[in-house]
Amino acid sequence: MKIRTFELCAGYDSQLMALERLKKKYSDFDYECIGWSEIEPSAIALHNACFPSLSGKNFGDMTKIDWSKVADFDLLTYSTPCQSVSQAGKQKGIEEGSNTRSSILWFTRNAIITKRPKYLLMENVEALVQTKLSGSSTSGARSWNPTDMLTMLRW
């Protein structure tokens, strides 16, 4: 079995590291990274050090990816900068259109709707699912609700 993957806000790509471990443990498991997205220079450098064969597959800014031009994939892994939701950060929230660092998560929707991957794997901080961040918005912007991504998948 070979799973085709794409990683958004990849960082150094702990998700691919986990897939590598699965590949070593299970002889019938394999994966192919179709592409990844990261803009932070130090994270890109670390990713390229960990996965040199994938250095040419960084699509850069996930908000600018034309998903119709990306090969199909089965698994989308994604994250978002956590400073806007983490207890260690300023907790400015993740409302759609708020322009917080964490609100980039809403651009994941473009990949999900266009590519329709079979599997989604989101990695982030515990605060993302706390009531504080999934309540109603006072600014009129759409607030984060952990079921939002699942609602998009009802095709």
Side-chain angles (χ1 to χ4, degrees), residues 1-89 91 93-94 96 100-134 144-155:
M1 172 170 84
K2 191 172 208 171
I3 294 178
R4 297 164 49 96
T5 69
F6 198 102
E7 289 74 41
L8 292 175
C9 294
Y12 64 86
D13 221 329
S14 60
Q15 295 89 346
L16 282 186
M17 289 179 176
L19 292 174
E20 278 293 317
R21 291 184 73 178
L22 287 171
K23 184 176 175 177
K24 289 177 183 175
K25 187 170 183 173
Y26 300 101
S27 61
D28 60 340
F29 176 82
D30 200 3
Y31 75 93
E32 175 187 3
C33 178
I34 300 303
W36 54 287
S37 169
E38 181 56 62
I39 60 170
E40 189 66 39
S42 58
I44 293 169
L46 186 53
H47 191 287
N48 289 341
C50 293
F51 301 99
S53 65
L54 301 177
S55 63
K57 292 188 175 189
N58 183 4
F59 281 69
D61 187 342
M62 70 182 271
T63 68
K64 297 176 181 173
I65 296 174
D66 180 351
W67 291 103
S68 66
K69 296 180 179 177
V70 175
D72 289 340
F73 47 86
D74 308 301
L75 170 65
L76 176 66
T77 70
Y78 56 102
S79 186
T80 182
C82 65
Q83 294 89 335
S84 304
V85 293
S86 171
Q87 291 180 357
Q91 297 183 328
I94 198 164
E96 185 173 17
T100 63
R101 291 185 77 185
S102 299
S103 69
I104 195 171
L105 175 67
W106 291 95
F107 286 92
T108 303
R109 174 176 47 210
N110 300 338
I112 294 169
I113 290 171
T114 304
K115 301 313 291 182
R116 301 177 101 156
K118 295 176 187 174
Y119 311 103
L120 300 174
L121 175 63
M122 181 180 181
E123 176 274 328
N124 213 283
V125 296
E126 181 181 9
L128 192 61
V129 294
Q130 291 177 346
T131 305
K132 179 178 177 179
L133 293 174
S134 61
W144 170 254
N145 182 322
T147 61
D148 284 343
M149 293 298 173
L150 297 176
T151 302
M152 284 187 275
L153 299 178
R154 293 190 180 145
W155 51 69

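These values consider heavy atoms only, across backbone and side chains, with no hydrogens, waters or symmetry-generated copies.
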Problem - side-chain contact (heavy atoms from CB on, under 4.5 Å) evaluation trace for Leu19 with Leu75 - result: CA-CA 11 Å; Leu19 292 174; Leu75 170 65; 4.3 Å; yes
Practice task
Please test Tyr78 against Met62 for side-chain contact (heavy atoms from CB on, under 4.5 Å), starting from the C-alpha separation and ending with a verdict.
Solution key: CA-CA 10 Å; Tyr78 56 102; Met62 70 182 271; over 6 Å; no
Handout entry: Point-to-point distance, once rounded to the nearest 0.5 Å, from OG1 of Thr114 to NZ of Lys69
Key = 13.0 Å
Problem - Member of Trp36, Tyr31, Trp67 meeting the ring-ring contact (aromatic ring centres under 6.0 Å, His included) criterion with Phe6 - result: Trp67
Problem - From Ile3 atom CD1 to Lys23 atom NZ, the distance as rounded to the nearest 0.5 Å - result: 12.0 Å
Practice task
Kindly indicate, with the supporting measurements, whether the criterion side-chain contact (heavy atoms from CB on, under 4.5 Å) is fulfilled by Leu54 and Leu16.
Solution key: CA-CA 11 Å; Leu54 301 177; Leu16 282 186; 3.5 Å; yes
Handout entry: Separation of Lys64 NZ from Ser37 OG (nearest 0.5 Å)
Key = 11.0 Å
Handout entry: Atom pair CG/CD1 of Asn110 and Ile65 - distance to nearest 0.5 Å
Key = 9.5 Å
Practice task
Would you name the heavy atoms of Pro117 and Ala111 that are closest together and state the gap between them?
Solution key: CD-O, 4.3 Å
Exercise for the section: Go through the steps for Asp30 and Glu32 under the test side-chain contact (heavy atoms from CB on, under 4.5 Å), then give the verdict. Expected result: CA-CA 7 Å; Asp30 200 3; Glu32 175 187 3; over 6 Å; no
Fill in the blank from the handout: Closest non-hydrogen contact found for Val70 with Phe59 is CG2-CE2, 3.6 Å
Practice task
To the nearest 0.5 Å, tell me how far Glu7 CD sits from Phe73 CZ.
Solution key: 9.0 Å
Problem - Backbone N/O of Glu38 and side chain of Asn58: donor-acceptor pair under 3.5 Å - result: yes
Practice task
Give, for atom CG of Leu121 and atom CG of Leu76, the distance between the pair rounded to the nearest 0.5 Å.
Solution key: 9.0 Å
Handout entry: Pairwise side-chain hydrogen bond (donor to acceptor under 3.5 Å, both in side chains) hits with a residue in residues 41-57, at least two apart
Key = Asp13-His47
Exercise for the section: Look at Asp74 together with Arg4 and state whether they make a salt bridge at an N to O cut-off of under 4.0 Å. Expected result: no
Problem - Contacts of type side chain to side chain contact (heavy atoms under 4.5 Å, CB included), residue Ala45, not counting sequence neighbours - result: none
